[in-house]
Amino acid sequence: MRFDLIDLRLFEAVARTGSISAGAERMHMALASASARVSGMEAALGTGLLIRSRRGVELTAAGRALLHHAGTITAQVEQMRGELLSFSSGLKGEIRMLSNTAGLVELVPAALRVFLASHPGVDIDIEERTSAEIVEAVSAGMAEFGVIAATADLAELQTRTLGVDRLVAIAASTSALAARPEIGFAELISEPFVGLAGGALTDHLARHAARLGRRIAYRVRLRSFDAVARLVEAGIGVGVLPQAAVERYGSQHLVALRLSDGWADRHLVVCAKSLAGLSMHARLLIDELERQGASQTPGLLARDGE
C-alpha cells in the first residue's frame with residue numbers, strides 16, 4: 001500500500017466534489033491520470049473506494065475510512081508546513097474552512113483582511129454551507145474547522161465561541177409594523193417576504209417556518225444583505241437579517257424589530273475535531289475571528305452569560 005500525498009489529496013477532492021472529473025480539475029490534473037490514481041488505490045487496497053454512477057460518485061465504507069485517515073494525514077502535513085513557514089519563505093500554507101452565512105458575511109471578510117496581510121504565504125479555501133452540513137464535513141475531515149451557529153448538533157466536535165449572531169425582523173419605516181418593538185416569527189411570515197436567493201440563512205428560516213407548518217412567501221430573492229435591506233426599505237416586504245448587517249446598512253427609513261423567538265439569538269462558534277491539533281495558521285486565523293467577533297458584539301457575550 002504505497003499512497004503518496006497527491007493520492008490522498010486527490011481522493012479528498014473527489015469526495016468533496018462528488019465527482020472524479022471535478023476532483024481532478026480541483027487538483028489541476030488530467031481526468032485520465034486522476035482516474036488511474038483512484039483505480040490504483042483501489043487495486044492496492046483490494047476493495048472499492050467509490051460507487052460510480054452517471055450522477056457522480058459516492059463513498060463506500062472503505063472510502064469513508066480512507067477519507068478519515070486522509071484528512072488526518074493532510075492536516076498534519078499542513079500543520080508541519082505552517083510551523084516551518086516561519087523558517088522558510090519558500091513554503092506555503094493552506095487553510096480549509098467552512099462558514100455559515102452569518103459568519104461569512106459578518107466576521108470572515110474582516111478577519112481574512114487582517115490575517116492575510118500578515119501571512120501572505122497562506123492560501124484560504126473557504127465554502128459557505130449550513131451549520132449542519134459544516135458539522136458533518138468537519139467530522140469527516142473535509143475541512144479543518146468551520147464557523148457555525150451553536151444551535152447545531154455538534155456531535156463530538158470541540159468549539160470556541162466567537163460572538164453573537166442576532167437575527168432581527170426588518171420593515172420599512174412607513175410600515176404598520178414599524179412602531180412595534182418586537183414580533184414573533186409566526187406572525188411575521190404572514191407578510192410578504194424579501195430574502196436571500198439561497199444560502200444557510202435562507203435554509204435556517206425555512207426550517208423554522210416548516211416547524212410552524214408554514215412556508216415563507218417570497219416576493220423577491222436577492223444575493224446580498226444590503227440588497228434585501230434596500231427593497232424592504234422601499235416597502236416591497238419584510239425580511240430577517242443579522243442585526244450587525246442592519247446596523248451596517250444604517251438607514252433611517254428601515255426599522256429593526258426584535259424577534260421574540262429564542263432561536264433568533266445564536267452564538268457563532270468555531271468547531272473542529274481538535275482545536276489544539278489544528279495547524280498554526282488555522283489557530284491564528286481563529287484568534288483573528290474571535291477578535292472580530294468581540295469587536296462587532298461588544299458586551300453581548302457577557303450579558304448572555306458566556
Side-chain angles (χ1 to χ4, degrees), residues 8-9 11-13 15-18 59 61 63-80 82 93-108 111-112 115 122 124-167 199-201 203-204 207-208 242 262-263 265-294 297 300-301 304-306:
L8 297 179
R9 291 188 186 279
F11 190 75
E12 285 185 298
R16 293 171 68 185
T17 60
L59 298 182
R64 290 192 294 272
L66 176 60
L67 179 62
H68 169 74
H69 291 292
T72 300
I73 292 169
T74 56
Q76 289 174 339
V77 170
E78 291 305 326
Q79 184 173 4
M80 178 187 69
E94 181 181 3
I95 298 173
R96 292 174 296 161
M97 63 172 290
L98 304 171
S99 177
N100 66 359
T101 303
L104 194 60
V105 172
E106 300 303 324
L107 293 183
V108 173
L112 289 184
F115 177 82
V122 180
I124 310 292
D125 181 358
I126 181 170
E127 295 181 32
E128 178 189 358
R129 298 198 190 176
T130 65
S131 293
E133 290 171 338
I134 291 171
V135 169
E136 183 176 349
V138 172
S139 297
M142 297 174 70
E144 287 186 78
F145 68 89
V147 177
I148 64 170
T151 51
D153 183 357
L154 296 167
E156 300 298 321
L157 299 181
Q158 297 179 2
T159 63
R160 179 171 164 184
T161 301
L162 298 177
V164 174
D165 170 32
R166 178 160 291 164
L167 299 178
L201 177 58
D203 293 343
H204 180 67
R207 284 195 299 272
H208 284 288
W263 52 261
D265 285 354
R266 307 182 301 170
H267 287 97
L268 285 178
V269 301
V270 161
C271 65
K273 287 197 287 187
S274 170
L275 291 171
L278 292 173
S279 67
M280 177 183 69
H281 288 119
R283 297 196 302 271
L284 291 173
L285 177 54
I286 290 173
D287 288 343
E288 187 58 43
L289 285 166
E290 186 176 38
R291 280 191 286 272
Q292 293 297 328
T297 55
L300 286 177
L301 294 182
D304 287 345
E306 294 293 315

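Computed from a prediction, not measured in an experiment: that's the story for all the values here.
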List the residues meeting salt bridge (charged side-chain N to carboxylate O under 4.0 Å, His left out) with R160, not counting sequence neighbours, and say none if there are none. D287, E290

What pairs of residues pass the salt bridge (charged side-chain N to carboxylate O under 4.0 Å, His left out) test when at least one of them lies in residues 128-138, not counting sequence neighbours? E127-R129

Can you name the residues that form a side-chain contact (heavy atoms from CB on, under 4.5 Å) with H68, not counting sequence neighbours? T72, K273

Nearest 0.5 angstrom please: E144 CD to I95 CD1, how far? 6.5 Å

At their closest point, which heavy atom of T17 faces which heavy atom of A13, and how far apart are they? OG1-O, 2.8 Å

Flag the pair L285 / I124 as yes when at least one side-chain heavy-atom distance between them is below 4.5 Å, and no otherwise. yes

Taking atom CE of M97 and atom CG of L278, what is their separation to the nearest 0.5 Å? 11.5 Å

Looking only at heavy atoms, what is the nearest atom pair of A272 and V138, with distance? CA-CG1, 3.8 Å

Distance col, row I134:CD1 vs S139:OG, nearest 0.5 angstrom, shows 11.5 Å

What's the separation between atom CZ in F115 and atom CD in Q292, rounded to the nearest 0.5 Å? 13.0 Å

Evaluate side chain to side chain contact (heavy atoms under 4.5 Å, CB included) for D125 paired with R16, printing each intermediate quantity in order. CA-CA 12 Å; D125 181 358; R16 293 171 68 185; 3.3 Å; yes

What's the verdict on side chain to side chain contact (heavy atoms under 4.5 Å, CB included) for L59 and F11, showing C-alpha distance, side-chain angles and the deciding distance? CA-CA 10 Å; L59 298 182; F11 190 75; 3.7 Å; yes

Shortest non-hydrogen contact between L107 and L268, atoms and distance: CD1-CD1, 3.8 Å

Restricting to non-hydrogen atoms, name the atom on L98 and the atom on A137 that form the minimum distance, rounded to 0.1 Å. CD1-CB, 3.5 Å

Could you check whether any side-chain heavy atom of T159 comes within less than 4.5 Å of a side-chain heavy atom of I148, counting everything from C-beta outward? no

V108 and S99 have their tightest heavy-atom pair at CG2-OG, 3.9 Å

Is the shortest heavy-atom distance from the side chain of L275 to the side chain of F145 under 4.5 Å? no

Go through T130 and H204 one step at a time and tell me if the side chain to side chain contact (heavy atoms under 4.5 Å, CB included) criterion holds. CA-CA 8 Å; T130 65; H204 180 67; over 6 Å; no

Rounded to the nearest 0.5 Å, what separation is found between the CZ atom of R166 and the NE2 atom of H267? 8.5 Å

What pairs with E12 under salt bridge (charged side-chain N to carboxylate O under 4.0 Å, His left out), at least two apart in sequence or on another chain? R96

Nearest atoms (heavy-atom pairs only) where A149 meets S131: N-OG, 3.0 Å

Apply side chain to side chain contact (heavy atoms under 4.5 Å, CB included) to residues N100 and L201 and explain how you reach the verdict. CA-CA 8 Å; N100 66 359; L201 177 58; over 6 Å; no

